[in-house]
Engineer: 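Have a look at the structure that comes next, please.
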Amino acid sequence: MKVLVTGGAGYIGAMLVPQLLADGHHVTVVDTMWFGNGCLPDNDHLTVIKGDVRSMAQMKTASRDQEVVICLASISAEAMCQKDQVLARSVNVDGVQRAAISAKEAGVRRFIFASSVAAYGNSCNYVTEEAKLKPTTIYGECKAEGEKLVWESFPEAIIVRSASVCGYSPHQRLDLMVNMMVHDAARKSVITVNGGEQKRSHIHIKDICDAYKLLLSAPDHWVEGQAFNLVCDNQSVMDTAKMVARVFNDRHIQILTRPRSDTRSYTVDGNKARIHLGFSPEKSIENAIHDLKIRFDSGYWPDSQTNVAYM
């Protein structure tokens, strides 16, 4: 199968692309390479284009003869979205729409858009895919609007509302909550928690890659025009901190007393993916913590506190 992955040199792409190649697919990656080339392998079935989803011309060229497009390209950190809202919107909304339009015009069979549970906003109960989107962050707002434009441009598109991803990747991100806690436990010997009662949803990076692979060949009538929550576990920020502390031999947890900078709480239901895709996460949050700890203990990312490539 010919698969185009936008943002394929990023955190998820650096794990997913080698797996697609190992499965025998021909993969094309379009990525700006702002944060490096993602350690993508040398492979005769891999084409890497230094390009930008915001360029309609580049996306039209890249989409030719493709069977599936997986749209991972995104300004994914909320801090970056707040710092440059124009850039965030141009990539996460305009760029995504151009990718969908280009894919539709090129006759691509399937378009998969990487959205986020952040599009739901706050939720006290387990939200399903039928819930109204009420985002409370710039990143979430962009994802919600991106979903709308994708479905307008490519009605059969599949929306993946992913929980916060955690675990090791060749192109590591250390700003995601679990990964950041592990980093702080390893580098600072203290885990800082602002509040702690807030709920968050998580999924292991290996499981999110498995889900994308399932979506490549899932029957049309099960997935076309559908959104899927992909989640392993929902837990409080404090419970996650305690899990990391335990893995690191009871690292100290520092609870900040100042007003919380982030009061969001969200929990999501993953039953639809289990029923329609047969998707059940196989890796736990604790698996991700152990994987990262092994690498920190082995001397990975010595410049993790200064290198923006990890953010």
Side-chain angles (χ1 to χ4, degrees), residues 11 76-82 116-128 131 134-140 161-169 172-208 229-271 281-297 301 304-305 310-311:
Y11 176 55
S76 299
E78 174 62 17
M80 288 186 66
C81 291
Q82 291 181 11
S116 167
V117 297
Y120 289 120
N122 286 315
S123 61
C124 296
N125 301 312
Y126 285 80
V127 293
T128 67
K134 298 179 180 179
T136 56
T137 62
I138 297 168
Y139 174 68
R161 294 181 187 144
S162 170
S164 180
V165 184
C166 56
Y168 166 76
S169 165
Q172 189 62 40
R173 277 185 65 184
L174 296 172
D175 60 318
L176 298 159
M177 195 185 91
V178 173
N179 298 357
M180 181 169 58
M181 286 184 175
V182 174
H183 171 268
D184 289 352
R187 291 283 185 257
K188 304 176 183 179
S189 298
V190 62
I191 303 163
T192 303
V193 173
N194 191 351
E197 303 86 3
Q198 313 99 303
K199 289 285 190 72
R200 290 292 187 273
S201 305
H202 305 283
I203 188 168
H204 197 289
I205 191 168
K206 291 183 179 178
D207 283 318
I208 199 78
N229 294 336
L230 296 182
V231 58
C232 169
D233 202 0
N234 301 277
Q235 61 181 202
S236 72
V237 172
M238 181 56 72
D239 284 344
T240 305
K242 289 178 178 177
M243 183 181 293
V244 175
R246 184 172 63 251
V247 172
F248 278 83
N249 299 316
D250 296 321
R251 280 287 196 269
H252 176 63
I253 298 174
Q254 179 184 22
I255 303 174
L256 300 182
T257 57
R258 65 174 182 262
R260 283 180 286 176
S261 59
D262 188 348
T263 59
R264 289 175 298 149
S265 225
Y266 52 83
T267 54
V268 298
D269 183 286
N271 281 321
E282 296 182 356
K283 296 287 185 178
S284 67
I285 299 170
E286 190 161 346
N287 289 147
I289 295 168
H290 280 286
D291 289 346
L292 291 169
K293 182 179 185 299
I294 288 170
R295 287 171 170 83
F296 275 112
D297 290 346
W301 316 301
S304 61
Q305 298 188 71
Y310 304 124
M311 303 302 141

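For the numbers below, each heavy atom of this structure counts, side chains included, while hydrogens, waters and symmetry mates do not.
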Engineer: Side chains of Q172 and L292: closer than 4.5 Å at any heavy-atom pair?
Structural biologist: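 Contact flag for Q172/L292 side chains = yes.
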Engineer: Going from OG1 on T128 to CZ on R161, what distance comes out if it is rounded to the nearest 0.5 angstrom?
Structural biologist: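 With rounding to 0.5 Å, OG1 (T128) is 9.0 Å from CZ (R161).
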Engineer: List the steps, then state whether side chain to side chain contact (heavy atoms under 4.5 Å, CB included) holds for T192 with Q254.
Structural biologist: CA-CA 5 Å; T192 303; Q254 179 184 22; 3.5 Å; yes
Engineer: Evaluate side chain to side chain donor-acceptor pair (under 3.5 Å) for N234 paired with S201, printing each intermediate quantity in order.
Structural biologist: CA-CA 4 Å; N234 301 277; S201 305; 2.5 Å; yes
Engineer: Donor-acceptor pair, D291 side chain versus G167 backbone, under 3.5 Å?
Structural biologist: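 Side chain of D291 to backbone of G167: no pair is present.
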Engineer: Return the minimal non-hydrogen interatomic distance between K293 and F248, and the atom names on each side.
Structural biologist: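 Result for this residue pair: CG-CZ, 3.6 Å.
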Engineer: List in chain and number order the residues that pass side-chain hydrogen bond (donor to acceptor under 3.5 Å, both in side chains) with K134, two or more places apart in sequence or in another chain; answer none if no residue qualifies.
Structural biologist: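 Listed in chain order: nothing, the list is empty.
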Engineer: Are any of the side-chain heavy atoms of V237 and M177 separated by less than 4.5 Å?
Structural biologist: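 Side-chain contact under 4.5 Å: yes.
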Engineer: Thinking salt bridges, do K206 and E282 make one under a 4.0 Å N-O criterion?
Structural biologist: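 E282 and K206: not salt-bridged.
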Engineer: Would the number of heavy atoms belonging to other residues, nucleotides or ligands and lying under 6.0 Å from NZ of K242 be above 12?
Structural biologist: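 No.
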Engineer: Taking S123 for its side chain and T267 for its backbone only, find out whether a donor-acceptor pair lies under 3.5 Å.
Structural biologist: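 Yes; at least one donor-acceptor contact below 3.5 Å.
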Engineer: Quick one: list whatever passes side-chain hydrogen bond (donor to acceptor under 3.5 Å, both in side chains) with D207, sequence neighbours left out.
Structural biologist: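 Partners of D207 under the side-chain hydrogen bond (donor to acceptor under 3.5 Å, both in side chains) test: none.
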Engineer: Give the C-alpha distance, both sets of side-chain angles, the deciding distance and a yes or no for side chain to side chain donor-acceptor pair (under 3.5 Å) between Y120 and N229.
Structural biologist: CA-CA 11 Å; Y120 289 120; N229 294 336; 2.7 Å; yes
Engineer: Could you tell me whether the side chain of N122 and the main chain of S265 form a donor-acceptor pair under 3.5 Å?
Structural biologist: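 Here the side-chain-to-backbone pair exists.
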Engineer: Do V127 and V268 have side chains that get closer than 4.5 Å, going by heavy atoms?
Structural biologist: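 Result yes, sub-4.5 Å side-chain heavy-atom pair found.
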Engineer: Is S116 reaching over with its side chain to a backbone N or O of A119, donor-acceptor style, under 3.5 angstrom?
Structural biologist: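 It does not hold such a pair.
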Engineer: Apply the test side chain to side chain contact (heavy atoms under 4.5 Å, CB included) to residues V193 and M238: give CA-CA distance (whole Å), side-chain angles for both, the deciding distance (0.1 Å), then the verdict.
Structural biologist: CA-CA 7 Å; V193 173; M238 181 56 72; 4.1 Å; yes
Engineer: A side-chain contact here means heavy atoms from C-beta on lying under 4.5 Å apart; do Y11 and I205 qualify?
Structural biologist: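 Counting from C-beta outward, Y11 and I205 do come under 4.5 Å.
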Engineer: Does the side chain of D233 reach to within under 4.5 Å of the side chain of H202, using non-hydrogen atoms?
Structural biologist: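 D233 vs H202: side chains apart.
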Engineer: Which of these, V244, V247, T240, sits in a side-chain contact (heavy atoms from CB on, under 4.5 Å) with E286?
Structural biologist: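 Single pass found, and it is V247.
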Engineer: Tell me, yes or no, whether the heavy-atom count around D297 atom CG, taken from other residues, nucleotides or ligands under 6.0 Å, exceeds 12.
Structural biologist: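 Atom CG in D297 is crowded, with more than 12 foreign heavy atoms closer than 6.0 Å.
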Engineer: Without swapping roles, check the side chain of Q198 against the backbone of G196 for a donor-acceptor pair under 3.5 Å.
Structural biologist: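 It does hold such a pair.
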Engineer: Could you tell me if the side chain of R200 sits less than 4.5 Å from the side chain of Y266, heavy atoms only?
Structural biologist: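 SC-SC contact between Y266 and R200 confirmed.
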Engineer: Can you find a pair of side-chain heavy atoms, one from H204 and one from S284, that are under 4.5 Å apart?
Structural biologist: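 Not in contact.
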Engineer: I want to check something: taking the side chain as every heavy atom from C-beta on, are V178 and S164 in contact at a cut-off of under 4.5 Å?
Structural biologist: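 Not in contact.
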